[in-house]
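Right, one structure below, let's go through it.
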Amino acid sequence: MTKKREVTQLDRLESVREALKIVNAQPLAEEARAALAKAMQTTEDMIDQLFATRPGGRLEALYRVSQVLGTSLDLDEVLNQVMDAVIGLTGAERGFLMLLNPDTGELDLRAARNYEQETLTPKEVEFSRTVIQTVVKNGEGVVSTDAQKDPRFAGQDSIVFFSLRSILCAPLRARGEVIGVIYVDNRAQSGIFTPADLNLLNAFATQSAIAIENARLYTRTDKALAERVAELETLSKVDHELSSHLDMDAVTALTEKWALAETGASRCLLIHQQEDGSLALMNKPSQPADGGLDDALSRAVRQALTAGSAVGLDPTDGIPARLVVPVQCAGQPACALVVERHEPFGDAARQFLPRLSSRAAAAMENARLYEAVQEANKAKSKFVSVVTHELRIPMTSIKGYTDLLRQGAVGPINDMQKNFLGVIRNNVERMSALVSDLSDISHLETGRLKLNSTFLNLADQIEEIAATLTPRFQDKQQTLEIEATGDLPKVFADPNRLAQVLTNLISNANKYTPNAGKVWVGARIEGDMVRVEVKDTGIGISEEDQAGLFGQFFRSESPEVREQQGWGLGLNVAKRLVALMGGEIGAISAVGQGSTFWFTLPTYALAVDEEQS
Ligand code: ADP
């Protein structure tokens with residue numbers, strides 16, 4: 001009987017809805033459209049309510065509103081959706097949704113809505129705390145048809161004061177825990193809610209809790225991801241800065257800069273343990289740290305260095321909070337990175353500092369290795385310098401006595417003896433060239449090679465060197481062509497060193513060009529510089545070999561090169577000398593197509609500028 005009447009009402013309402021839709025399709029004045037929208041909404045609400053009160057209709061309604069849930073991952077939006085759906089389902093006047101704050105254990109009001117789906121103002125937020133606390137405590141929902149007369153709540157202040165009557169409240173549960181409550185009420189009317197409504201609300205609360213947890217999780221994940229991305233960006237900047245320095249002081253300064261910037265610390269220290277066990281500041285070695293550190297910090301530093309793990313100290317009695325992180329180089333604690341500030345350090349700082357420390361460790365290790373390589377280089381240069389010096393004297397004497405013997409100054413010699421003495425003489429020449437190159441390199445590396453630069457006429461220099469090398473060109477029936485005009489500006493260079501560079505390039509062209517080939521030497525002005533080129537029609541240089549050119553002891557593996565005498569030091573010395581004289585050197589070549597070696601030198605004008613500065 002009831003069922004029939006409701007269905008009839010539903011039929012009527014649905015035909016009203018259809019009629020309103022037709023009107024809605026017509027052009028309407030703004031006011032009329034607003035009134036129509038309201039009428040359409042009211043009709044929808046009434047249909048919803050009829051659905052809800054129909055046997056089986058509640059479930060249908062629950063299903064319909066549940067579908068709305070989960071369409072958003074924005075927590076506030078989800079909470080409002082839940083609230084509106086609950087009010088729509090139960091026909092309540094107002095609804096509140098509270099979530100337990102995991103940090104404080106308190107219930108925070110997160111949504112407060114009325115029947116019109118409006119958010120309530122703080123003044124309108126009036127609910128029964130007793131009902132809510134009972135629900136949270138027991139984990140079970142409560143329905144009161146008339147709270148004013150309900151023996152469980154009647155005497156409670158909020159019930160009396162806010163004249164609450166119909167109340168429905170259900171717990172929100174996620175993973176077996178109560179995470180909050182949904183509360184709806186009606187102040188004016190009693191008997192609005194029934195136990196069936198509570199069942200419905202319980203079912204809905206279960207689904208709402210899942211949607212709320214999803215939104216919370218998403219927010220947390222989203223936030224955590226954004227934080228991680230920001231941290232990675234920072235760390236990539238840290239990496240970039242740290243890896244571009246090989247100097248220990250710069251590395252420690254950068255580490256301190258980043259530690260201060262990212263942890264909000266007011267002071268940062270890098271402390272290491274010295275051989276005698278005392279602590280010292282890394283970048284201010286003159287200042288012993290022990291004296292300047294309070295006992296608590298000294299203990300924390302020693303503990304962090306021994307255990308190889310971070311130590312945190314809370315602020316006490318005017319002593320700031322500290323975070324001490326060991327910096328491990330090759331598995332050994334190299335030093336401790338300490339930050340301090342008045343407020344305790346948060347998780348972000350605790351997570352950032354060890355990451356910074358591992359990067360600082362790598363950069364410190366590089367700086368240390370670089371220092372060690374520099375030291376080794378110095379030691380090598382010193383060794384070469386001593387050896388070359390000591391070899392010069394006996395070689396000069398071998399050369400001198402060989403010449404005397406060859407010239408027959410101490411008695412006649414036969415042809416074979418003369419030949420052998422010639423071989424000795426040649427090999428001593430080779431050794432002496434090597435010793436001379438090695439000695440130059442050692443002087444250049446240690447900065448002890450001093451130039452005697454002066455203003456030179458380059459064309460004269462080229463002619464002179466060419467003349468001394470002419471016999472070698474004749475031996476190989478090669479043509480040597482020179483194209484250096486006399487109107488070139490003077491260059492500022494050391495004549496002996498310039499001769500050394502020219503000799504190396506021109507004799508290489510002669511060595512690595514087959515018989516009857518051609519070598520061309522030219523010079524021309526190029527901006528502020530003079531560019532000298534030595535071009536040959538020789539064997540050329542492969543791309544792979546070009547990468548090694550100008551390196552120490554570099555010689556191509558090709559048999560045409562190996563059959564020539566050489567140590568692979570000439571170009572290296574030439575490159576350093578040209579750089580010292582303020583120019584650059586390079587080569588353009590292709591296998592079988594000859595090579596062009598070039599270098600530049602500053603002209604008169606530039607040299608004067610430099611002299612004056
Ligand atoms: P060296 O001539 O004593 O080997 P250099 O340092 O003068 O030493 O030259 C290094 C290497 O560069 C040579 O061994 C050779 O492989 C290559 N090279 C130099 N000049 C030429 C050139 N003009 N043509 C071809 N290869 C050359």
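Both ligands and their constituent atoms are indexed starting at 1 by order of listing. Quick note: numbers below take in every heavy atom, side chains included, and nothing from hydrogens, waters or symmetry partners. Note that the numbering runs from 1 along the sequence shown for the chain.
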Sub-4.0 Å heavy-atom approach of K511 to ligand 1: yes

Can a side-chain donor-acceptor contact be found between S381 and R448 if the only test is distance below 3.5 angstrom? no

N/O to N/O below 3.5 Å, does that happen between N572 and ligand 1? no

Could you name the option among V519, L549, N504 that has the heavy atom nearest to atom 17 (C) of ligand 1? L549

Are the side chain of T396 and the backbone N or O of R392 linked by a donor-acceptor pair below 3.5 Å? yes

Which atoms of ligand 1 sit under 4.0 Å from any heavy atom of G566? 3 (O)

Tell me, which protein residue and heavy-atom name are nearest atom 27 (C) of ligand 1, and how many Å apart are they? Y512 CD1, 3.5 Å

Could you check I441, L571, D437 and say which one makes a side chain to side chain contact (heavy atoms under 4.5 Å, CB included) with Q552? I441

Ranked by distance from atom 26 (N) of ligand 1, the top protein heavy atom is I541 CG1, 3.4 Å

N/O to N/O below 3.5 Å, does that happen between G570 and ligand 1? yes

Quick one: nearest non-hydrogen protein atom to atom 7 (O) of ligand 1, plus distance? N508 ND2, 2.8 Å

Relative to the heavy atoms of L569, which atoms of ligand 1 are at a distance of less than 4.0 Å? 6 (O), 8 (O)

What protein heavy atom is closest to atom 16 (O) of ligand 1, reported as residue, atom name and distance in Å? S556 N, 3.0 Å

Counting from 1 in the order shown, the ligand 1 atoms closer than 4.0 Å to a non-hydrogen atom of W567 are 3 (O)

Report the nearest protein non-hydrogen atom to atom 23 (N) of ligand 1: residue, atom name, distance rounded to 0.1 Å. D536 OD2, 2.9 Å

Separation between CD (E584) and NZ (K575), nearest 0.5 Å, reads 8.5 Å

Flag Q565 as yes when one of its N or O atoms lies below 3.5 Å from any N or O atom of ligand 1, and as no otherwise. no

May I ask you to say whether E371 pairs ionically with R368, meaning some side-chain N is under 4.0 Å from a carboxylate O? no

Is the backbone of R472 close enough, under 3.5 Å, to the side chain of N510 for a donor and an acceptor to pair up by distance? yes

Would you call R576 and D440 a salt bridge, using N to O less than 4.0 angstrom? no

For the residue pair L353 and F345, establish whether any side-chain heavy-atom pair is separated by less than 4.5 Å. no

Does L571 reach ligand 1 with a nitrogen or oxygen that is under 3.5 Å from one of the ligand's nitrogen or oxygen atoms? yes

Atom 4 (O) of ligand 1: closest protein heavy atom, distance to 0.1 Å, is R555 NE, 2.6 Å

Pair E533 + R524, salt bridge at N-O below 4.0 Å: yes

If you measure every N/O of G568 against every N/O of ligand 1, is any gap under 3.5 Å? yes

Distance from atom 11 (C) of ligand 1 to nearest protein heavy atom, with residue and atom: F554 O, 3.5 Å

Would you confirm whether Q546, through its side chain, and I541, through its main-chain N or O, come within 3.5 Å as a donor-acceptor pair? yes

G538 near ligand 1 by a heavy-atom separation under 4.0 Å: no

Using 4.0 Å as the upper bound for N to carboxylate O, is an ion pair formed by E241 and K237? no

Could you see which bit of F597 sits under 4.0 Å from ligand 1, with heavy atoms only: side chain, backbone, both or neither? side chain

When you measure from the side chain of N427 to the backbone of V423, do you find a donor-acceptor pair of N or O atoms at a distance under 3.5 Å? yes

